[in-house]
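Heavy atoms only: backbone and side chains are in, while hydrogens, waters and symmetry mates are out. Letters go in sequence order (proteins before strands), and every chain restarts at 1. These figures come from a predicted structure and were not determined experimentally.
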Protein chains: 2
Amino acid sequence: MAGRARPDKVVPITSGRPVTSYDVARHAGVSQSAVSRCFKPGASVSKKMRARVMAAAEELGYEPNAIARSLITRRSNLIAVLISNLTNLYYPEVLAELTQRLSAAGVRVLLFTLSREAEADEVLQQVWPYRVDGVIASAQLSPAHVAEFEKRSVPLVFYNRYLNSVSVSSVCCDQEDGVRQLIDGLYKAGHRKYAIIAGPPDSVVGVERKTAALERLEELGLEDVPVLGEDYSYENGFNSVNELMAAGGGPPHAVICANDVVAIGALDSFRVNHGLVAPRDISVVGFDGVGPASWKSYDLTTIRQPVRRMTEAAVSMLLSMIEEPEMPREKRVFSGILRTGSSAKFVE
Amino acid sequence: MAGRARPDKVVPITSGRPVTSYDVARHAGVSQSAVSRCFKPGASVSKKMRARVMAAAEELGYEPNAIARSLITRRSNLIAVLISNLTNLYYPEVLAELTQRLSAAGVRVLLFTLSREAEADEVLQQVWPYRVDGVIASAQLSPAHVAEFEKRSVPLVFYNRYLNSVSVSSVCCDQEDGVRQLIDGLYKAGHRKYAIIAGPPDSVVGVERKTAALERLEELGLEDVPVLGEDYSYENGFNSVNELMAAGGGPPHAVICANDVVAIGALDSFRVNHGLVAPRDISVVGFDGVGPASWKSYDLTTIRQPVRRMTEAAVSMLLSMIEEPEMPREKRVFSGILRTGSSAKFVE
DNA sequence: TCATAAATTGCATTCGAATGCAATGTTAGG
DNA sequence: CCTAACATTGCATTCGAATGCAATTTATGA
């Protein structure tokens, strides 16, 4: 590109600091504003100018500085994604989809993971300084937190969370409907004795699944259903089954688990510790439809969350809230898709 | 805080745009520079000044604008994390650890996921404008890409990748050593007939595992080991076993898999399709030590990557490269930890 | 108590790109 | 060929915080 080296006019491509629009302007013999306009789609620039500037930019290896741009445009082109526990098998899929879609929309992702849901305070303090254009939160925020978003006019979309007390946009999988589908199928298959292995009490989704299950069972005339467990882990499923069996009274007919991983733990425990094999001796259902749910050793009956659609909805909602701040809040609830497998006797 | 409302002096806490250091300065009756200094640890400020400013800042709900700060300090406090496929069970764990550690160090994470490893070009174009302070890449970059980093003086640390042709800092798990541990244990247990189910040919780590296995087997006098498979999926393990069995010649004694998920697929296939149960009829080993490896249905013999140590190393290397750009490049290789389970007859 | 050193503070400028406005250059119509 | 209408371009300013330097205040020591 540079041809033979000319000692007094070295192309500063290897110089210390990044190339700025001024460097390009000087090199092309035009003004800085011209350079800026060349990088703005739809700006008023002649093609002669554009060609000159682009050539110079190319030659110098110029990349517009997004930081400087953000400062003046008041648009960081960043959105923050808050995720509570990435180790839950379900979330990596969501995160991958989200970043993919956001990237495609030209937005960059600032990732924040919360190990404890209570960490929200600290994390939000880290979010504000970056003047993100919006936030997708799959973590528990309080009404006070949501108020902060309002005050700062930062668009927020909840993913699989919501708050009844305040008006927030959200995308959720219909937990209640999913649980109903599961229970009804189990009931039709003749199961009358149930147990529930619940998730963490501080997970809205988890609590909802548990509550929905209890309600539906009650509607069907089944009460005093034992509820065990307290998190989303394999161990929780595994140990809860042991507890359940130790309590005497024989095994239940069917176990409704907080999610797939718990169901997998339960299945293993039934088989390994108690010699009960699904679907012959026991029925177990999960929730989420993660990859391992379809592994042959488990082949879960579960509700698959339509992650594609949900992430797509979350992203498009957020982007339109960014474009149009007065957009009314909206909740979008997607039904889960039933997957039947050999982990349960089940009648659709 | 504001006491009774005074119509003509409303605290602008709810006003449209974010509070700036000028607003705080005016409210506190000091200069903007004073405000700035109050938010800079170690700056020369009297305690009286600090108290006044902090009170004003508090009252107005001021958060320093990280974008503006980055512009002048030439430090974005952002680091980019490039991850190739989040759906590989192993990476969510890595990502969670990385963000956790980086957050703790006061650095924010810009996440980029590549669906195809070839996407690196596009992704890097998205990375440069943000003037990130550094990059952790768990994705395949070419020597040309690495040269770009050099040119731009952007610190780079590879995670479980490296390039022989150029000098780059990296953190890796010792694939060769891990494979050796696995094979030696299998060999001592008497296995003489092996098969390999490999990962994707464009994964350095995958290729390395395969090659290391073939070499070690050859050292032990075993040649003509069949190699099947081409990605990191459950299906790959599952189908490769079918192929292997269809090829005739009876089942192998032991199968070395590209990773745990492949091993799990293989185990399921052996059991479900061919009636072979580990460790009685067949031995299968994996690699990574992901969560499901220790689920009772699989109980894999595998090499667990020391993710904690590795992420810690990657983060600390990157941070010191940022502090001290002249820091020499360094490769850190960690040995994996053997986990023995019932998926293989194995002698330690 | 007074001069001098040290600690604070404010002023003015800087980072790099975007943009309103005015000053040019171009084109088209008469 | 001339002028109005339009398209380009450059100038100067802006975004919000950080910082070198000078001015001011305070602390120190004789």
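With respect to the salt-bridge test (charged N to carboxylate O, under 4.0 angstrom), the residues E97(B) and R309(B) do not qualify. Between R101(A) and E312(A) there is no salt bridge, since none of the side-chain N atoms of the basic residue sits less than 4.0 Å from a carboxylate O of the acidic one. Taking a cutoff of 4.0 Å between a charged side-chain nitrogen and a carboxylate oxygen, R131(B) and E63(A) do not qualify as a salt bridge. Ion pair R50(B)/E58(B) not flagged as a salt bridge, since none of the NZ, NE, NH1 or NH2 atoms sits closer than 4.0 Å to an Asp/Glu carboxylate oxygen.
Put simply, CG on D23(A) and CD on E59(A) are 13.0 Å apart, with the number rounded to the nearest 0.5 Å. Note: I136(B) CD1 to I83(B) CD1 = 9.0 Å, rounded to the nearest 0.5 Å.
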B/S/- contact track for nucleotides 15-24 of chain D, protein heavy atom under 4.0 Å
BBBBBB----
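Between Y62(A) and W128(B), the ring centre distance reaches or exceeds 6.0 Å.
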I'd like to know whether E93(B) forms a salt bridge (Lys or Arg N to Asp or Glu O under 4.0 Å) with R308(B), so could you lay out the CA-CA distance, the side-chain angles of the two residues, the decisive distance to 0.1 Å, and finally the verdict.
CA-CA 9 Å; E93(B) 192 184 343; R308(B) 281 264 174 53; over 6 Å; no
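Axis orientation changes by 30° from one end of the helix from dT1(C)-dA30(D) to dG30(C)-dC1(D) to the other, with each end axis drawn from 5 pairs and the value rounded to 10°.
Within residues 42-52 of chain B, no residue has a heavy atom under 4.0 Å from DNA chain D.
Contact check for V135(B) versus L82(B): side-chain heavy atoms found under the 4.5 Å cut-off.
Between the D133(A) side chain and the S76(A) main chain, a donor and an acceptor come within less than 3.5 Å of each other.
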